[in-house]
Engineer: 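I am attaching a structure below and will ask some questions about it afterwards.
Not measured: the values here are computed from a predicted model. Chain naming here is simple, since letters A, B, ... match the order of the sequence lines and numbering starts at 1 in each.
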Amino acid sequence: MKMISWNVNSIKARKEIVLDWLESHKPDVAFLQELKTDGEHYPFDEIEALGYVSEVNGQKGYAGVATLVKKGIEYTLISKALLEEPEEQARFVEVEIDGIRMINIYAPNGNPQPSEKYDYKLRWYQKLEDKLSTYMRNETPFLIGGDFNIIPENKDCYDPNAWQGDALFTKEIRDIYRRMINSGMVDAFRVFDSNALNYTFWDYQAGAWQRNNGIRIDHFLLSPYVTDRLKGCVIDKEPRALDKPSDHVPVILEIN
DNA sequence: ATGTCACTCAACGAGTGA
């Protein structure tokens, strides 16, 4: 099974790029983030024409996530809310396929730090940790993918000094990621490329892409059951070089 | 050279978020 995670930074602005990419790569499941629409501009019809059902958790102009499942694959919608119902920010979709919980997240950015937004990020991640530790304790097979807005380690950014004090790189935030790893979840990308300087995001500003001044903040974490079935995990940098690109690129996960 | 982009609201630019 081929899965992808991609922060598209507006599905309306990125529609053609995303449709073209889906058509050529044909993932079975796609996690999209930062749709920036409540559904009015979500291309349900075009995506269905490519052979996908969309589970959209959207909101107007901000955040928003969608999980696309190829038609013919049986799935169950588990939830579109992490915190409580109804949720004020659309950042979560959970489905189950073949006994595996599949969680699509767009974690809060949290900048500036400190601020109310940073506190919200901490509260949001506390809820996520609670959910995932329950799954680990119960040995529920799961994977979680998306824009974590966490730079896990120094090697996950071009210039660690430039990110000091940023809400993506405080010790407090990196500790959240480390706790998830220490509890037994596996960072799928690092299984195959343990020291590579590969990024998933390059800022639009200051020629960040041309200078390869990027960060790795889009991840797939796997429970032990899913780790045993891991075949591959790669970052596709190609879409970042297109005209009018997203500032993030897709991460591709393959599991048996 | 903080060198960008996409959104909303009520306009034809300012403010916000990333």
Side-chain angles (χ1 to χ4, degrees), chain A residues 5-21 31-44 46-47 56-66 82-83 87-92 104-125 128 145-152 156-170 172-174 176-177 199-219 235 237-251:
Chain A
S5 174
W6 193 2
N7 178 323
V8 299
N9 185 16
S10 169
I11 190 62
K12 184 180 170 226
R14 223 65 60 204
K15 190 175 87 170
E16 293 310 322
I17 284 177
V18 171
L19 291 174
D20 288 350
W21 195 94
F31 292 172
L32 305 183
Q33 300 93 27
E34 218 175 347
L35 305 174
K36 292 186 170 178
T37 180
D38 56 7
E40 192 183 338
H41 294 111
Y42 185 85
F44 278 102
E46 290 99 326
I47 286 176
V56 178
N57 180 11
Q59 71 183 88
K60 194 174 188 178
Y62 183 71
V65 290
L82 171 64
L83 300 173
E87 207 161 44
E88 73 265 40
Q89 298 189 10
R91 301 184 173 279
F92 186 93
N104 173 8
I105 62 161
Y106 173 46
N109 176 295
N111 277 304
Q113 187 272 320
S115 70
E116 178 50 44
K117 288 180 181 175
Y118 186 73
D119 294 340
Y120 182 78
K121 183 177 192 175
L122 294 177
R123 286 201 304 279
W124 192 90
Y125 262 116
L128 187 68
D147 178 356
F148 283 63
N149 269 315
I150 298 177
I151 301 166
D156 295 309
C157 60
Y158 181 83
D159 178 10
N161 290 326
W163 292 90
Q164 296 304 319
D166 192 280
L168 280 60
F169 198 55
T170 61
E172 197 170 24
I173 290 295
R174 282 181 286 125
I176 294 170
Y177 201 83
Y199 311 125
T200 64
F201 168 94
W202 295 261
D203 201 280
Y204 289 123
Q205 297 185 70
W209 166 247
Q210 289 75 12
R211 295 161 185 251
N212 194 30
N213 181 7
I215 52 179
R216 191 176 73 96
I217 56 175
D218 300 88
H219 311 296
I235 297 166
K237 289 163 74 167
E238 280 184 27
R240 189 62 181 77
L242 298 172
D243 267 353
K244 293 274 174 191
S246 172
D247 40 9
H248 297 248
V249 295
V251 181

Engineer: Between Glu34(A) (side chain only) and Tyr106(A) (backbone N and O only), is there a donor and an acceptor less than 3.5 Å apart?
Structural biologist: no
Engineer: Can you check the Asp38(A) CG to dT8(B) C1' distance for me, whole Å?
Structural biologist: 12 Å
Engineer: Yes or no on side-chain contact (heavy atoms from CB on, under 4.5 Å) for Tyr120(A) and Gln89(A), after CA distance, side-chain angles and deciding distance?
Structural biologist: CA-CA 11 Å; Tyr120(A) 182 78; Gln89(A) 298 189 10; 3.3 Å; yes
Engineer: Write down the distance separating the C1' atoms in dC7(B) and dA1(B), rounded off to the nearest Å.
Structural biologist: 26 Å
Engineer: For the pair made of CD in Gln59(A) and C1' in dT8(B), what is the distance, rounded to whole Å?
Structural biologist: 13 Å
Engineer: Go through Val56(A) and Asp38(A) one step at a time and tell me if the side-chain contact (heavy atoms from CB on, under 4.5 Å) criterion holds.
Structural biologist: CA-CA 9 Å; Val56(A) 178; Asp38(A) 56 7; over 6 Å; no
Engineer: What is the distance from CG of Asn213(A) to P of dT2(B), rounded to the nearest Å?
Structural biologist: 12 Å
Engineer: Just how far, in rounded Å, is P of dC7(B) from NE2 of His41(A)?
Structural biologist: 8 Å
Engineer: Measure from the side-chain N and O atoms of His219(A) to the backbone N and O of Ile150(A), and report whether any donor-acceptor pair falls under 3.5 Å.
Structural biologist: yes
Engineer: Report all interatomic pairs (protein N or O, nucleotide N or O of nucleotides 11-18 of chain B) with separations under 3.5 Å.
Structural biologist:
residue : atom : partner   : partner atom : Å
dG17(B) : OP2  : Lys117(A) : NZ           : 3.1
dG17(B) : O5'  : Lys117(A) : NZ           : 3.2
dA18(B) : OP1  : Tyr62(A)  : OH           : 2.6

Engineer: I'd like the P distance from dC5(B) over to dA10(B), given in whole Å.
Structural biologist: 27 Å
Engineer: Rounded to whole Å, how long is the line connecting atom CD1 of Ile17(A) with atom P of dA6(B)?
Structural biologist: 9 Å
Engineer: To the nearest Å, how far apart are Leu35(A) CG and dC5(B) P?
Structural biologist: 21 Å
Engineer: Is there a donor-acceptor pair closer than 3.5 Å between any side-chain N or O of Tyr204(A) and the backbone N or O of Pro245(A)?
Structural biologist: yes
Engineer: Tell me the interatomic distance from Lys60(A), atom NZ, to dA6(B), atom C1', rounded to whole angstroms.
Structural biologist: 15 Å
Engineer: Side chains of Phe201(A) and Leu168(A): closer than 4.5 Å at any heavy-atom pair?
Structural biologist: no
Engineer: When rounded to the nearest 0.5 angstrom, what is the spacing between NZ in Lys12(A) and OG1 in Thr37(A)?
Structural biologist: 8.5 Å
Engineer: Rounding to a whole Å, what distance do you find between Lys12(A):NZ and dC7(B):C1'?
Structural biologist: 9 Å
Engineer: Mind checking the P distance from dT2(B) to dA18(B)? Whole angstroms is fine.
Structural biologist: 22 Å
Engineer: With a 4.0 Å cut-off on heavy atoms, is Arg14(A) in touch with a base, just the backbone sugar-phosphate, or nothing at all?
Structural biologist: sugar-phosphate
